[in-house]
Amino acid sequence: MLSYTLRRLAFAVPTVLIISLIVFLMLDMAPGDPTGSLPLTIPLEVREQIRISLGLGEPVMIRYFKWLYMMCVTEPLHIVQGMTGWNIAPEGPRILSWQTRSPVGDIIVQRVPQTLWVVGMGYLFGILIALPIGVISAYRQYSWFDQVGTFVSMIGFSVPTFFTGVVFILIFAVWLGWFPSMYDTTHVVRDWNSFVFQAKQIAMPVAVLALYNASQISRFMRASMLDNLNQDYVRTARAKGLGEKTVVLVHVLRNSMIPVVTVIAIGIPTVFTGAIITEQIFRVNGLGDALIRAIYVSDWPMVQTITFIFAILIVLFNLIADVLYGILDPRIRYD
Amino acid sequence: MTTRMALLGTAAAIVLAPATALAERERGSSGNLNVIYWQAVSTMNPYLSGGTKEMNAASIVLEPLARFDNMGELTPWLVDEIPTLDNGGVAEDLKSITWRLTEGLLWSDGTPVTSADVVFSYEYCTHPEGGCSYRDRFAGIERVEAVDDLTITVHFEDVTPNPYLPFVGAGSVVIQQAQFQDCLGARAPECTDANFAPIGTGPYVVTNFRPNDVIEFTANENYRVPTQPYFQTITWAGGGDATGAARAVFQTGEMDYAWNLQLAPEVITQMESGGRGQLLVDFGPLMERIELNFTDPSPDLPDGERGTRAHPHPILSDIRVREALSRAIDRELLTEIGFGPMGRATCNFIVAPPAMASPNNDNCLVQDIDRANELLDEAGWERGPDGIRVKDGQRLELLFQTSTNAVRQDFQALIQQDWREIGVDTRLRNIDAGVFFGSDPGSNDTYLKFFADVQMYASLFEGTDPTPHLEQRRCGREPQPSTQWQGQNINRYCNEEYDALWAELNREPDPERRQELVIALNDMFVQDYAHLPLVARGRVSAASNTIGGIVLNVWDSEHWNQAEWYRIED
């Protein structure tokens with residue numbers, strides 16, 4: 001198992017490098033100009049000077065290697081230094097965002113907590129809701145519970161978050177006034193009252209995301225449970241005289257979890273990408289928000305860096321899913 | 001109370017802030033103000049951004065020597081009086097201007113403001129490697145001289161009838177030399193701390209800045225007016241979308257001020273009925289127009305000649321066709337659908353300031369299909385079997401491009417219909433704004449290259465002087481291969497009379513004569529149907545009913561008088 005993991009990790013390095021080159025070149029060739037979003041009152045000569053000051057005057061490969069070096073060495077060291085206070089970060093240039101002219105790494109560090117809290121909680125609650133619903137729906141197939149569950153998850157799955165988000169705001173913020181419609185990123189939890197406020201402002205975006213995630217995962221769970229419930233080993237277990245609880249929760253659930261865990265693990269990178277639309281509707285200034293805004297104004301260093309981080313996460317979590325598969329299912333051996 | 005907040009138009013400034021209420025207010029007495037900018041602020045250094053949002057946020061920290069008030073009049077800001085020819089501040093030869101700082105001005109860190117800071121600001125923005133966005137404000141300057149601690153003389157290279165560009169308005173601010181002296185040129189972006197929390201002379205100080213997210217301000221203890229600013233702190237949130245921002249002011253009351261609410265008129269009206277806030281609208285020089293291409297954009301032409309004056313446009317070179325296209329458009333309807341109370345139909349190139357807007361062109365406001373048809377008949381375009389006009393075997397077919405934007409696509413569809421009625425076939429195309437307004441000479445889709453017959457966008461000019469804006473339409477100023485397709489004579493207009501008149505304007509110091517010349521140039525351009533003005537667009541913001549003292553200003557930052565905003569107590 002260990003050697004398999006190491007082998008996969010070694011393979012991941014060239015994969016990630018190739019991805020980085022593709023991401024960089026694609027964005028570099030993409031139409032769009034960082035000065036395109038400036039007011040038209042700024043003359044074209046000045047725009048040209050701005051472009052040069054952004055480093056666009058250099059050949060593309062030089063810019064790529066500079067970026068890759070800063071991405072893999074300078075920025076991580078600066079982030080570690082920021083977190084630990086060790087003086088390890090090298091002097092010299094960092095990846096600068098074109099819109100803020102400040103290091104991309106600092107912005108990402110600022111954005112990650114919001115995304116992890118909001119989108120992460122949305123994912124976590126989604127899973128917590130989805131698993132029992134999936135299990136019960138499958139065990140009592142075609143019961144009223146299953147029908148209602150199917151109906152709700154179809155709605156959650158097919159109605160986009162930009163719609164549910166606005167509906168939630170209208171009902172709970174505008175009409176009822178229970179929750180704030182905007183997320184206050186400067187809020188600090190100090191005592192019980194500020195915790196209640198934090199819970200209130202996080203409630204709606206988390207609910208929207210949880211509904212969406214739960215619908216997806218509960219369908220997977222249900223399908224996987226149904227596959228297993230009709231297997232021979234289930235009948236054998238029952239014939240042995242095991243109780244229903246043991247049969248379902250120990251034998252069937254454990255086997256059914258294998259594909260579901262994979263789906264959940266592969267979905268984790270999306271927590272980091274943030275739910276772009278949900279973040280925008282509730283004004284949660286997370287990574288997804290940073291990404292979409294950078295795309296709007298053609299802030300390529302920002303887009304390249306965030307996209308590259310996602311690429312790393314996706315490669316990594318695919319690996320984790322494969323490893324988990326092996327741990328959960330003793331029949332699967334990679335060595 | 002609500003009448004006091006009715007700030008529609010510019011006239012309301014006088015009725016603001018009754019003197020009795022003023023006496024009770026003091027610095028910080030109004031507590032916290034919540035501002036929402038749905039396009040979040042990226043940096044606090046306007047020289048490194050160029051965006052309006054950054055300029056607005058920075059304007060409550062960094063200030064110019066003089067700015068424009070809501071009537072477009074120059075107002076002394078860090079000086080005691082505006083230098084003019086009469087008071088000797090502007091030299092007789094119009095080649096220099098001398099400013100004198102108010103005595104006793106302090107930076108927010110308590111150090112005195114000196115002429116050296118002003119000179120340094122000039123050096124900072126004009127550094128060749130700096131990429132300063134407001135470089136053009138300092139164009140044509142020979143040198144900036146610190147005469148003594150408080151006196152600054154700006155020497156121009158040439159006769160400059162309008163010397164009020166450098167250090168005037170929110171885009172041309174004074175920064176502190178002590179803070180920025182190691183940040184010149186290529187090093188400018190490295191000074192993140194300074195760029196995010198500049199030391200200024202304005203009513204507020206940055207206490208926390210998170211790029212593209214939120215800014216927290218607190219009152220500047222060293223602000224020159226001891227009783228101001230009234231709000232102790234400001235939370236300047238960013239992000240979300242325009243609808244959410246409008247909702248937070250009008251419906252939930254979470255926010256006190258929201259900027260730039262370019263929403264559909266019906267959405268705005270419906271939200272305003274929430275009753276917690278007021279819509280603030282004022283009109284500046286921003287105008288939505290259709291540019292008619294005077295050159296042939298045909299892809300059959302060789303690369304270096306396509307869209308250049310070597311090949312006049314086969315259809316649009318005829319003034320009768322241009323006039324017909326103008327007459328067929330229903331501008332009032334467009335305004336109503338696209339902008340509602342936030343727009344005004346117009347027939348002028350220069351729509352503001354009011355004194356410079358020509359009264360001579362209002363005939364285009366009424367749609368006149370009959371006259372349009374007559375004109376096309378006269379020009380020899382005859383209706384074909386499908387209703388589209390034909391001349392010498394060529395169909396009257398135009399490619400109409402613009403940027404991707406809901407209102408613009410509505411406009412395209414309506415205008416397509418209008419033109420269809422007079423037998424003009426229009427093909428529509430929309431291009432992502434980042435590409436369309438980009439200046440990449442490699443792209444064929446920019447508004448500069450204009451590889452289409454007609455295109456629509458909005459443009460404006462900075463400050464109250466339209467001279468540079470009018471200058472753009474001179475011969476030779478068009479984008480062309482030899483200039484890497486840079487230039488602002490977008491429609492490739494060329495008229496010797498126009499150029500001569502502009503040259504006269506550029507030499508003329510007398511304000512009244514200048515006004516006449518601006519109107520004459522505007523009329524010449526518009527009556528030549530060189531482009532088709534459609535809608536003068538207002539600046540739209542929203543304010544909570546509990547905030548007083550706001551004076552919307554289209555000539556400067558919207559927050560130009562931030563120090564005077566206050567919370568209305570019941």
Shortest non-hydrogen pair, A:Met182 vs B:Ala248, comes out as CE-CB, 3.7 Å

With sequence neighbours left out, the residues meeting side chain to side chain donor-acceptor pair (under 3.5 Å) with A:Asp106 are A:Arg94

From the list B:Leu48, B:Asp241, B:Thr243, the residue making the most non-hydrogen contacts under 4.5 Å with chain A is B:Leu48

Nearest heavy-atom approach of B:Gln39 to A:Arg293 is CA-NH1, 4.1 Å

Scanning both residues in full, the closest heavy-atom pair of B:Gly240 with A:Arg283 reads N-CG, 3.4 Å

The interface call for B:Ala458 against chain A, heavy-atom contacts under 4.5 Å, is backbone

Filtered by a 4.5 Å non-hydrogen cutoff, the part of residues 95-104 of chain A contacting chain B is A:Leu96, A:Gln99, A:Thr100, A:Arg101, A:Ser102, A:Pro103

Distance col, row A:Leu170:CG vs B:Gln251:CD, nearest 0.5 angstrom, shows 7.0 Å

Applying a strict 4.5 Å limit to non-hydrogen atoms, the region of B:Glu216 in contact with chain A is side chain

If one checks every heavy atom of B:Met44 against chain A at 4.5 Å, the contacting part turns out to be neither

- Item | 4.5 Å side-chain heavy-atom contact, B:Glu254 and A:Asp184 | no

> Going through the distances and angles, do A:Val166 and B:Arg247 end up as a side-chain contact (heavy atoms from CB on, under 4.5 Å)?
Replying inline: CA-CA 11 Å; A:Val166 174; B:Arg247 191 187 297 121; 4.1 Å; yes

Per-residue tally against chain A (heavy atom, under 4.5 Å) across B:Arg135, B:His469, B:Arg210 peaks at B:Arg210

In short, A:Ser181 meets B:Thr252 closest at the heavy-atom pair OG-OG1, 4.1 Å

Using a cut-off of 6.0 Å, state whether more than 12 heavy atoms not belonging to A:Met61 lie near its atom CE.
-> yes

A:Ile107 and B:Pro211 have their tightest heavy-atom pair at CG1-CG, 3.8 Å

Within residues 186-209 of chain A, contacts to chain B at heavy-atom distances under 4.5 Å involve A:Thr186

Assert top hit (heavy-atom pairs under 4.5 Å, partner chain A, pool B:Thr192, B:Asn208, B:Asn212, B:Asp136) equals B:Asn212

Under 4.5 Å to a heavy atom of chain B? For A:Gln280 that would be both

With chain A, the option among B:Phe196, B:Phe461, B:Trp38 that has the most non-hydrogen atom pairs under 4.5 Å is B:Phe196

With sequence neighbours left out, the residues meeting side chain to side chain donor-acceptor pair (under 3.5 Å) with B:Arg137 are none

Problem - Residue B:Arg477 excluded, over 12 heavy atoms near CZ under 6.0 Å - result: no

If you tally heavy-atom pairs under 4.5 Å between each of B:Ser459, B:Cys132, B:Ser133, B:Ala245 and chain A, the highest tally belongs to B:Ser133

- More than 12 heavy atoms of other residues, nucleotides or ligands under 6.0 Å from OH of A:Tyr296: is that the case? no

Honestly, the part of B:Tyr447 sitting under 4.5 Å from a heavy atom of chain A is side chain

